Structure formats: structure tokens, C-alpha cells
2 protein chains.
Amino acid sequence: MRKKEGNKETAIIEAAVRVFAENGYHQSKISKIAEVAGVATGSVYLYYKSKEDIVLKIFDLVWMKLSKELQQVVQRTDMDPGTKLDSIIDILFDSFTVNPALAIVFVNEQNQLLQQEKGNVVKFYKGFLDLAEEILREGVEKGIFNTNIDIRLFRDFVTGGLRALLHEWARRPEEYPLNRIRQNIKYIAKNGILIHHT
Amino acid sequence: MRKKEGNKETAIIEAAVRVFAENGYHQSKISKIAEVAGVATGSVYLYYKSKEDIVLKIFDLVWMKLSKELQQVVQRTDMDPGTKLDSIIDILFDSFTVNPALAIVFVNEQNQLLQQEKGNVVKFYKGFLDLAEEILREGVEKGIFNTNIDIRLFRDFVTGGLRALLHEWARRPEEYPLNRIRQNIKYIAKNGILIHHT
DNA sequence: GTCTTAAATGATTCACAATTCAATATTACC
DNA sequence: GGTAATATTGAATTGTGAATCATTTAAGAC
């Protein structure tokens, strides 16, 4: 019997990330993914049952890793909510630092998948939102966060801002140093743009 | 000779907005748009030369209106930068209040169009970003806005947050009253979540 | 009422790319 | 080095839905 050589399963996923990032899901052809992966078109179907299956796999991998790390942060009792907020931002950026193309796919295709309720994306995303909400609620209870602000709304706003910056960074990683982005987001989310005279 | 009856050109655009909002651009069939517009499939092609032509027309209409209104705000000399920031937010939300479906299409499909550089979307969007940047710069110069914050970054962050909230609102207009959203965004962008003891 | 001309129709055509599968190559084991 | 079992290939198939166009409908002119 013959053994599978190399790791085509992984090669295909990595190729797909690159191709999806460059052209978007719908404009990406399986034949192109196969070419980039160094594999015949038909071989893609030995590992994945459809094109959709590939994106879903990509999102599963990303979210699996993210949710595990995020879980650990929320549960810590030695961190104040402000620091937890910072940690979430760090986790997100760290996850994508090694692979900007993955960030682009993540940001660009997630809405489609959420809308179509395909795979586990909805479940994972809701989990993430709940977790963020929990941290914010904790901050309000401890009297650190502003009670005038609607928690859900703040959460959605910051999440949206994060996505946008992740995207910008991923498109031109050299131009926007990641550390500057992190620092700024953390500051803006907490203090806004106005100068506060204390 | 026969005259065009009703206004099928508009009916098709409006149908397309509804169908795109519900299913996303790629999942939307011309035949469905035609059905919703109360028109035969072939008739769509009397008014638009392709499916893509329809989305581009939708974005042209939206951006044309937006950019005109936004221009007027920036040019005013009787408004401080903080108020101008508020006005931008108002203009965006007001534009979509009457038509949540349009907001959904706007938020969901814009990235695709930007990436493919189709139509005028890139031009309009860049114009919008420049304009926002101008206001922020003005605020910094006048000593109202925080100099520690990277202007571009703040602009992208807030833009992303706005998009996210616009989307959330459009999906369930009853649940999130628009006025609450506006108030909160304005406050958050300026003050962040932390309580500031003055 | 008939004629001319443009508008409208929707079944048919066509293009594209996802998926399949018969043929071929590779490996392990004897 | 022969054979069985499995992996790989890429040309052929297939499904889908965008776009076309021969035909029908109807408005306005006379």
C-alpha cells in the first residue's frame, strides 16, 4: 500500500488562505489553489469535500485557537478588566502576526459565513462576543468602566474597529507597525480622542 | 411607439438592494431580482448591462449622496472639529435610516468592490477617509484632540466601529434604537470607556 | 382600425468553474 | 521484480446561473 507523501492536507489549506486573501472566496478557483499547493486539481477533493469545506476548515482552525486563548484570559482572577481588554487585543493581533493573509481572509469572509450560518462560525463568534461582554460587565461592576455607555454597543464598536485595523495592517504590514496599532487601540478604547484635563 | 411604463429602472435597483441584503451579492440570482421587481428576467438587461453593473450603480447612488453632504460639513467654519465628527456620524446614520437593507448591502459588499477596484467605490471611499482625516488634524491643531493618538489609526478604528454598528442596527432596527447608537458612538469616540475623574 | 416602432418577455444559449472518475503512478510487502 | 493497495492526476462531465435574442405585446401616430 502507498502512504500519503508530504502533507498535502496542510499545503492545500495554506494555499487556499493565500489565494482567498488575494482574490476573495468567490473569485478563487480550486484549480488555482491546487496549483499554488503544488497538487493536481482533483487531489483537492481527496482531502476536502468541497470549496466551502475548505473555508470552513480555515475558520475552524482560527477560531479553535482563538477561543482557547481567550477563555484562559477571562477566567483569570488576578487581572483587572482593563488589562483583560488589553489581552484580548493582544491575542487577536498575535494570532495573525505570523500570517497576514489569514487575517485578510478572516476579516473579509467572516460576514458571509455568519450570514449563511455555515459551519461553526456563528457559534464561535457568539462565544467571543459573550466573553467580551462579560469582561465589560465586570469592569462596570467594579466601578472602572463608564456606566453611561451601552455595553453591547461598546463591544460591537470596538470589535468593528479592531477588524478594520487588523485588515489595514494585513494589507500593508510594513506601513503600520503592529505595536503602534496595539498601543493606540488600547488607549483609544479606554480614553477616546479628547484631551482630558485632570 | 411604445413608452416605458412605470419606472422599472428604479424598481430593479430597489429589488436588487433587497435581494442582495438578504442573500449577499454572489448568492443573488438575476431571476430573483427580476421577480421581486415584478419584471421579466430579460428586462433587467434593458436597464443594466450586467449584474455587476447593478451593484456599482447602487454604490454610486449612495456615495454620491454621502459625499455631497459630507463635503458641506467639512467646509463649515462655524463648527468645531468635535461637532464635525458628530455630524459625520449623523450623516451616515441618517442616510440609511430610511432603508436598512441598503445599509446591509453597503457594509457587506463594499470590501469586495474595494478589493477588485471596480467602479468609483475606491475613489469615493478614499475621499471620505481624507475628509475624516482633515477634521481630525484640525482638532489636533486646535488643541482639542489628543496628540498621542495616531490620526489615521483613529480614523480607521472609528470607521470600522461605525460600520459594525450600522450593520448591527440594520439587521435588527427595532432592537437598537438609532438615537442610542448615535449618542453612544459620539461619546465613546471622544471619551472611551474609562471613567475620567476630573 | 391599422401600422410602426420600441418595450418586454422568458425559453434558450453559453460560459465558467466545481466536481468526478477512469487512467496512471507510487509505495510497501512478499 | 511482481503484486496489491492506495494516492495522484487532469481531462471530461456537470450544474448553475448570467446573458442573449427571437417572439410577443402594446403605445402612439395617422
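Chain letters run A, B, ... following the sequence lines, proteins first and then strands; every chain starts at 1. Note that the structure is predicted; figures quoted are calculated from it, not measured.
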Show each protein N/O and nucleotides 19-23 of chain D N/O combination with a separation under 3.5 Å, one pair to a line.
| residue | atom | partner | partner atom | Å |
| --- | --- | --- | --- | --- |
| D/dA19 | OP2 | B/Tyr45 | OH | 2.9 |
| D/dA19 | OP2 | B/Lys51 | N | 3.0 |

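- When the P atom of D/dA18 is taken as reference, atom CD of A/Gln27 falls 14 Å away, rounded to whole Å.
- Proximity note for A/Lys29 (side chain, C-beta onward) versus D/dA18, D/dT9, C/dA17: the nearest is C/dA17.
- To the nearest angstrom, C1' of D/dT8 lies 15 Å from CD of A/Glu9.
- Residue pairs meeting the ring-ring contact (aromatic ring centres under 6.0 Å, His included) criterion with at least one partner in residues 87-113 of chain B, sequence neighbours excluded, are B/Phe59-B/Phe106, B/Trp63-B/Phe106, B/Phe96-B/Phe106.
- Between the P atom of C/dA25 and the NZ atom of A/Lys8 lies a distance of 14 Å, rounded to the nearest Å.
- Screening residues 127-136 of chain A for side-chain hydrogen bond (donor to acceptor under 3.5 Å, both in side chains) gives A/Glu133-A/Arg137, A/Glu133-A/Arg152, A/Glu133-A/Arg155 as the qualifying pairs, with residues at least two apart or on separate chains.
- Spacing between atom NZ of A/Lys32 and atom C1' of C/dT19 amounts to 20 Å, rounded to whole angstrom units.
- By the side-chain contact (heavy atoms from CB on, under 4.5 Å) test, B/Ser95 pairs with B/Lys65, B/Leu66, B/Glu69, B/Ile91, sequence neighbours left out.
- C/dT19 atom C1' lies 13 Å from atom CD1 of A/Ile33, rounded to whole Å.
- At least one test fails for A/Lys123 against the ring of A/Phe128: distance under 6.0 Å to the centre or angle within 45° of the axis.
- Not counting sequence neighbours, the partners of A/Arg76 by the salt bridge (charged side-chain N to carboxylate O under 4.0 Å, His left out) test are A/Asp78.
- B/Asn7 places its CG atom 13 Å from the P atom of C/dA7, with the value rounded to the nearest Å.
- When the C1' atom of C/dG10 is taken as reference, atom CG of B/Leu46 falls 12 Å away, rounded to whole Å.
- Evaluation of the ring-ring contact (aromatic ring centres under 6.0 Å, His included) test over residues 129-152 of chain A, restricted to residues two or more places apart or in two chains, returns none.
- As a whole-Å value, the separation of A/Tyr47 OH from D/dA7 P is 7 Å.
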